[in-house]
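Report on the structure given below.
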Amino acid sequence: MAGQWKDLQARLSSRGSDKNGQSSGAGIETGASDRSALRAVTDRSCPKNRKVRELEIMRWSSYFIPTLREVPADAEVISHKLLLRAGMVRQLSAGLYSYLPTAQRSVLRIAAIIREEMEAVGAQEFFLTALNPAELWQESGRWALMGPNMFRLKDRKGAEMCLGMTHEEVMTDIARRELRSYKQLPQVWYQIQTKFRDEARPKSGLLRVRQFTMKDAYSFDVDQAGLDQSFEAQRKAYCRIFSRCGLDFEIVDADSGAMGGSASNEFMVYTDAGEDLVVSCPKCHYAANLEKATARIAPIDDGAEVAQIEKFPTPGVRTIDDLVNFPGGASADRQIKTLVFIAVAAKGNDAQNRPLLALLRGDHSVNEAKLSNAAARLVNKDGWELVNLRAAHPEEIHDLLGAHPGSLGAVGVKGPLVIVEESLRGRQNMTTGANEDDHHLRGVAVDRDIEPAAWADLRNVVEGETCPKCDGALHVAKALEVGHIFKLGTKYSVAMGASVLNADGKETPVIMGCYGIGVERILAAAIERNHDEAGIIFPISIAPFQVILSPLNMKDEEVRNLAEQLYNSLRASGIEVLFDDRDERAGVKLNDADLVGFPFQIRIGPKKLKEGLVEFYDRATRQSGDIAADSAIEVTLARVQAAYRQLNERFV
RNA sequence: CGGGGCGUAGCACAGCCUGGUAGUGCGCUCGGUUUGGGACCGAGAGGUCGGAGGUUCGAAUCCUCUCGCCCCGACCA
């Protein structure tokens, strides 16, 4: 991995000067590929205008950065507020955002980093259509599974279409048509594409949206060992991508959810704006999404088994707490909590609603992802597929158990599937509802009195419980998912018939992996993690510009002249510089620069210039220092390079 | 989908309860004075009050419907 990284660096540094005299030398990454493509067109079509256009495009007076003084009322999370205030994005509709030029520059730079790291592990870039025919999704079974989260439409002939939420089906379709032999494998294909999801509730600015950019990669291998290698290569590439983007992240064990498959890792960035909870151990490397996390809990001494269950009246008792405080009640960890769910299952065109009881210790809370997995396993046994799992309505509960929530239990229950949480194994002298309003049972022994259809881990781990791997105390924190890698296995290749002949001449389904990154989430996460009261503090690798050049008084001729000079020299040195040539007061320029978060600023003021000095300002530390005006280029280059080194160092 | 909140000038908001000439700050335009952390003075431009219907002599204001946005929950590769 270190070797690959050095190769990459060498490639970057060996990039020559282009024809406009802009050099990408000195190892400074400029996201040059997109820009040079643009330039090539301009060069041919309008050579005379090119110079004018290029000079003006990096001048704030003509560049579009509509910063806001006041915070828009609709914004809640910090990244959303700052993206709006910094003039980077504007909202078009719920969950739909326009990226203005500075945001687009950042997004392109993030995409460029992703491309470099994908190519470095041998992944090949595709460009697929966002518009997909329904048939493909029907083949994989996800047409039904995705439900209302998928944007659907009909073409003029009435054929059903959808907007892609992800591209397993399309990639698998290409694979099945073209791949014939194990000799063609492995293949790793990726794209950076717009995805559409009709989210029930878009929110938090760019964090949960209905249209976004995703890098999605798919690997095709002939055997499990190959998949393991592909998976590992992606995992390492992801580490480099997020590091180069300046993000601190945690790799966590994750639930595979509707994607199916076995191993699954999420790349998480800790932030309160995130919607996931990560359980981590400070003593070892254990980290898992709450949906997957486990913990060891202390055994509880239940005393000697009593022979008889005893029903007793509990007027008005509705909650676990009520029963704790009720005379003759029980502590929460000696109660059995009974929750009723409806599993919606399908088999072909048949559908059925199956009631399901989840039993947990009174002081534990149910984790619906775990419950859903357990329910799916049960339902699958009979050849059905779990479509949905929902909490039962109060009327349904009463019809089923003859009592209202607050007095429910599973003792003697025959009809519904009963799933019992692992921590209830062997427990006795427990208290639970009697399925008769205002009555409970005590003296319940789980093994003796309850008939489980399955045992399962169903509960949420809580702060402070013991790590499953060591004796550390677990920590729970909010986090944002920026990447997710799966070992899919053969779910799609079997469903859609993608197979090759192996070395023994036997037809075998290809083994797949899929690997996703939310591009704009990287941008938003970087802002969540890097900001202060003045604004954004961009990591240099993804900043819209590396440097802002700020003459503090445009009326002063000497200031103006030096600024022009420095501007040209910086550009010639390959620095991405924005020239704040606006005729604004110093305060406005300084505040705007801090708000948008350019990593470095060169400030030219009339007084210091008389002594031959300019100021070099570091946005992250908010420290500035005087430097000789004629050393400004040298200093800037050194600081920019040092900033990149700092980001890259973790993987050398 | 359930609960809550909000739609009035580019932005942030007041006015609504108690119906009668649509306002404040910032931003914008012009003139002048200023010029190192979001200047000051003066003069201006800018609003179908989200939309439709109703009540009324008269509706931003009251009533009904509707659309949109935000937040909480449900949901979420």
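Within every chain, numbering begins at 1; the chains are lettered A, B, ... in the order of the sequence lines, protein sequences first and strands thereafter. In this text the structure is predicted, and so the values were computed from the model without any measurement.
Between Glu481(A) and Lys589(A), the one whose closest nucleotide on RNA chain B sits nearer the 5' end is Lys589(A). Residue order along RNA chain B, read from the 5' end via each residue's closest nucleotide, puts Thr67(A) first among Glu368(A) and Thr67(A).
The side-chain hydrogen bond (donor to acceptor under 3.5 Å, both in side chains) test with Ser550(A) is passed by exactly one of Gln601(A), Glu584(A), Lys589(A): Gln601(A). If you run side chain to side chain contact (heavy atoms under 4.5 Å, CB included) between Ser219(A) and each of Cys514(A), Ser230(A), Pro186(A), only Ser230(A) comes through. Exactly one of Tyr218(A), Tyr515(A), Phe126(A) qualifies for a ring pair (Phe, Tyr, Trp, His ring centres under 6.0 Å) with Trp189(A). That residue is Phe126(A). Exactly one residue among Val77(A), Ile536(A), Val71(A), Val89(A) makes a side chain to side chain contact (heavy atoms under 4.5 Å, CB included) with Leu82(A). That residue is Ile536(A).
Between the base of G36(B) and the side chain of Asn553(A) there is no donor-acceptor pair shorter than 3.5 Å. The base of G38(B) does not come close enough to the side chain of Glu584(A) for any donor and acceptor atom to sit less than 3.5 Å apart. One N or O donor and one acceptor, one from the side chain of Glu70(A) and one from the base of G25(B), sit under 3.5 Å apart. For G25(B), the base has no donor-acceptor partner in the side chain of Arg69(A) [N/O atoms by modelled type, under 3.5 angstrom].
What separates CZ of Arg208(A) from P of A74(B) is a distance of 12 Å, to the nearest Å. For the pair Glu557(A) CD and U35(B) C1', the interatomic distance rounds to 17 Å; values are reported in whole Å. Taking atom NZ on Lys608(A) and atom P on U35(B), their separation rounds to 18 Å, with Å as the unit.
Taking a pair to require two hydrogen-bonding distances under 3.5 Å in either a Watson-Crick or a G-U wobble arrangement, G7(B) pairs with C67(B). In this structure, C57(B) and G20(B) make a Watson-Crick or G-U wobble pair, each of the two defining distances being under 3.5 angstrom.
Separation of the C1' atoms belonging to G4(B) and G44(B) is 42 Å when rounded to the nearest angstrom. Comparing the C1' positions of C57(B) and U24(B) gives a spacing of 32 Å, expressed to the nearest Å. One P atom belongs to U66(B), the other to G23(B), and the distance between them is 34 Å to the nearest Å. Between the P atoms of A22(B) and A60(B), the separation comes to 9 Å (whole Å). Between G10(B) and A52(B), the distance separating the two C1' atoms is 27 Å to the nearest Å. On the P atoms, G19(B) is 12 Å away from U61(B), given to the nearest whole Å. Spacing between C16(B) and U35(B) at atom P, rounded to whole Å, works out to 45 Å. Spacing between G42(B) and C26(B) at atom P, rounded to whole Å, works out to 12 Å.
A salt bridge links Asp532(A) to Arg619(A): at least one charged side-chain nitrogen sits closer than 4.0 Å to a carboxylate oxygen. Between Arg390(A) and Glu396(A) there is a salt bridge, since at least one side-chain N of the basic residue sits less than 4.0 Å from a carboxylate O of the acidic one. Glu557(A) and Arg560(A) are not joined by a salt bridge, as no carboxylate oxygen comes within less than 4.0 angstrom of a charged side-chain nitrogen.
Arg85(A) comes within 4.0 angstrom of a base, heavy atoms only. As judged by a 4.0 angstrom heavy-atom cut-off over every strand, Asp556(A) is placed among residues making no nucleic acid contact. Contact annotation for Phe196(A): no contact, since no heavy-atom pair falls under 4.0 Å across all strands. If you check every strand for non-hydrogen atoms under 4.0 Å, Asp216(A) touches nothing.
Looking at the side chain of Lys555(A), the nearest of the listed nucleotides A12(B), U35(B), C75(B) is U35(B). In the set A74(B), G36(B), G37(B), the nucleotide with an atom closest to the side chain of Ala200(A) is A74(B). With A74(B), G37(B), A12(B) as the candidates, the nucleotide lying closest to the side chain of Pro72(A) is A12(B).
Dashed line: the shortest gap from a side-chain N or O of Arg585(A) to OP1 or OP2 of U34(B) is not under 4.0 Å.
The aromatic rings of Phe151(A) and Phe196(A) stand perpendicular to each other, their planes meeting at an angle above 60°, with 30° marking the opposite boundary.
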Check nucleotides 69-71 of chain B for protein N or O atoms closer than 3.5 Å to its own N or O atoms and list the pairs.
residue : atom : partner  : partner atom : Å
C69(B)  : OP1  : Ser93(A) : OG           : 2.7
C69(B)  : OP1  : Ala94(A) : N            : 2.9
C69(B)  : O3'  : Gln91(A) : NE2          : 3.2
C69(B)  : O2'  : Asp74(A) : OD2          : 2.9
C70(B)  : OP1  : Gln91(A) : NE2          : 2.9

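Put simply, the side chain of Glu117(A) does not reach to within 4.5 Å of the side chain of Val121(A), judged on heavy atoms.
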